[in-house]
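Here is the structure we will look at.
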Amino acid sequence: MRVNTRFQNTPGINLLTDDQCEEIYLAALEVLERVGVMVYNEEALTLLKEAGARVKRNHVILPSYLVKKALSTAPSRIAIGNRNGERAMFLEKGRVYFGSGSDTQYTMDIGTGERRLVVKQDVVNAARVIDALKNIDFAMSLGIISDVPPRSAYIHQFEALLLNTAKPIVYTAGGREDVETILAMAEVAAGSKEKLEDNPFLICYAEPTSPLVHPREAVEKLLFCSQRRMPVMYVPALMLGATGPVTMAGALVVTNAETLTGLVIHQLKNPGAPFIAGGAAPALDMGTSLCSYGSPEEHLSCAFNAAMARFYNLPSFSTAGCSDSHLFDQQAGMEAGYSILMQALAGGNLIHDLGYLGAGMTSSLEMLLLGDEMAGIARHILKGLEISKETLAMEVIEKAGPGGTFLGENHTLKYFKSAVYYPGLLNRFDYVRWKKEGAESFYDRATRKVREILKSHPPSELPSKAAQEIEAITAKIDNTR
Amino acid sequence: MSIEELCKAVERGDQEESKQIARQLIDGGVNPLNIISSLTEVMESIGDKFSRLEIFLPEMMMSGDAMAGVVQMMAPQIKAGEAGSTKGKVILGTVKGDLHEIGKNIVKLLLESNFFEVKDIGVDSDPVKFVKEAEAMGADIIGASSLMTTTMPHQKEIIDILKDQGLRDKYKVVIGGAPTSQEWADEIGADLYCPDAGSAPKLMAELLKIKVR
Ligand code: B12
């Protein structure tokens, strides 16, 4: 779905004017030239120095022409495939896709609501549920696996996703070695290196350390993905008033300076390689010291950075559908609801973290289902108003006439399904019927649906030979670490 | 000028005024140790207010800075070894492979403003470094922060190294960070787990009293 372009006018919000985007951009360039950044990666330092940056040990002063050049070589669209070799997502201006979140330590046990450590089976289950959900377009692990050796946790997470959903995957990784292993697994699934390169179905997640620090592992991931021309995102997470200015404009300046530095390094390595921007500036609650995933600042900053990415002509990654609540409760519903609609309207390409509770510490499949439903509503809203002969419905208005009915009309029959949104989880029974059907709460219905999916959704498995080969790669990593 | 006024200036986080008042008090013959003990009470009450969400982190930090300024200014007046100068020496860092530092920094600030002497060894610190630095400092406590399940095992390694080197009884090991827990502390044999920075000074002071006894 395209925001702002379909039909005459689809709804969308652009929270920044072009002039405002330019001001943030210019200020970011000034920071890069005046304050500079720290880069802890030798190869990147050499690339930057050779390109004309002033490098003193790890400190880099970045002249703005390097940024301009990087912006001119980076692709403005990235097509992402799925495991079956089809095209699945077009990261182009205004197209929005929804996905889960990644590395939570805990998960909320299905049905009981009890918080416990994530085990591998949880990621397998998450992958199967993601695979079944209509409005979830890409998969992230929804947990850090605790019952495998800690240092190969990322590999096990990727394996669990790869073997259980055909949808595109956004993966986290420890460093270059993990990425190498993960790409090898993806090649097996795709059938060959060439097939994977022609239609990559996975995106690497990397992030700088605000303010203005580019750690070794993060840069390693950038460089390696760039070299292999595999998609990578470089998304800052700056905490307002702690790792960046407390005022949003200043926070955007810092996050943009960081993203642009990543872009320069990435494009110097291999011009034209696929790069995704974005990032957030959540509030550090100065009362409780919690980094808030539900704060309006988190979601405003994502919407601002989606606008900045549009200004740069780069695809973007943003956040929604997550909550600071430790329960699947009203707060969780409210924070997920407003943020999903807001980010959908703001038009960032990849909207992740659906299914997160407890400020990024806990995942919940019920919460993911809530996100899926909300994403469906958001998509319906994004359709906006279609004006055509058929939708204006002049003929049927005349036919029914004053005081008439539309219920039996062919026009109604033809359009009632597309014109109206039908929820999968929301109650639409009247009181008596609702009582009769078991008086379920939203939570009850979400739990029931999760269980149904796990029982009846046919898993998207790979041919057993490929699956075995992939499992062998994981086993090898377990043994060598 | 009175100690009460000094306490108010510190509560307000007014560095300059705090120093000025303290200078006048000392010039007027007030015992620096009395000043310190009043300020300790102030910081404790500020910590309590923070725990009750009555004041916010930046406000508490300003008070901490104001108090640190006063203490620094009075340092020449406080003779070495005199009681009340420090509650304990702490090596504080984020464990190897982990770059999360905000939690650790908040803990540092709170400890310092509660009269602990803290040496911050930064992020991504090798377990061996924690032990070496503790030896060099003559620390009482080793505080290790970890924000990721993948780096939590390094908290255990610190304890293992201490055991290997026969130093386990010499230091109290305190752990923290969002994914850690009392259960994890028990499992690895840490002496203390702090769920947040607000509780750290009190819990750590109690821990050291047990040690002295
Ligand atoms: C900000 C942040 C970052 C920033 C850190 C910036 C910085 N300079 O510190 C950046 C963007 C760099 C970052 C990077 C990564 N992060 Co991060 N990050 C967070 C986030 C959102 C907030 C952390 C924070 O600062 N909170 C605020 C502070 C004040 O709270 P705190 O640290 O818990 O500290 C308090 C207490 O715990 C206690 N305390 C803390 N330490 C100590 C120590 C002692 C001795 C004591 C007494 C008390 C104590 O006192 C503090 C104040 O009350 C958390 C989510 C979360 N809910 O925690 C994820 C989170 C911790 N990160 C996570 C991950 C996975 C990563 C990355 C691996 C991402 C990636 N794949 O690239 C990288 C790893 C980089 C690395 N090698 O370390 C995961 C960890 C999952 C897990 N359990 O293992 C989390 C939970 C998010 C998630 N769900 O994905 N991250």
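Just so it is clear: chains get the letters A, B, ... in the order the sequence lines come, proteins before strands, and each one is counted from 1. Only this structure's heavy atoms are used, side chains among them; waters, hydrogens and symmetry mates stay out.
Ranked by heavy-atom pairs under 4.5 Å with chain B, the list A:M286, A:M239, A:R151, A:E217 is led by A:M286. When A:A359, A:P150, A:G287 are compared by the number of non-hydrogen pairs under 4.5 Å with chain B, A:G287 comes out ahead.
For chain B, the nearby parts of A:T288 are the backbone and the side chain; heavy atoms of each come within less than 4.5 Å. If you measure heavy-atom distances from B:P179 to chain A, the contacts under 4.5 Å come from both the backbone and the side chain. With a 4.5 Å cut-off on non-hydrogen atoms, A:L290 does not touch chain B at all. Contacts of B:M60 with chain A are absent, with no heavy-atom separation under 4.5 Å from either backbone or side chain.
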Fill in: From CA spacing to verdict: side chain to side chain contact (heavy atoms under 4.5 Å, CB included), A:S289, B:L57
CA-CA 8 Å; A:S289 308; B:L57 201 47; 4.2 Å; yes
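Taking CE of B:M148 as the start and CD1 of A:I144 as the end, the distance is 7.5 Å to the nearest 0.5 Å. Taken to the nearest 0.5 Å, the CD atom of A:Q105 stands 10.0 Å off from the CG atom of B:L147. Taking OG1 of A:T209 as the start and CG of B:D124 as the end, the distance is 10.5 Å to the nearest 0.5 Å. Rounding to the nearest 0.5 Å places OG1 of A:T243 at 10.5 Å from CG of B:N105.
In this structure, A:E177 places its CD atom where only 12 or fewer heavy-atom neighbours from other residues, nucleotides or ligands lie under 6.0 Å away. Within a 6.0 Å sphere centred on CE of B:M62, heavy atoms belonging to other residues, nucleotides or ligands number 12 at most. Within a 6.0 Å sphere centred on CZ of B:R52, heavy atoms belonging to other residues, nucleotides or ligands number more than 12. Environment of NZ in B:K202: sparse, with no more than 12 heavy atoms of neighbouring residues, nucleotides or ligands closer than 6.0 Å. Atom NZ of B:K8 has 12 or fewer neighbouring heavy atoms from other residues, nucleotides or ligands inside a 6.0 Å radius.
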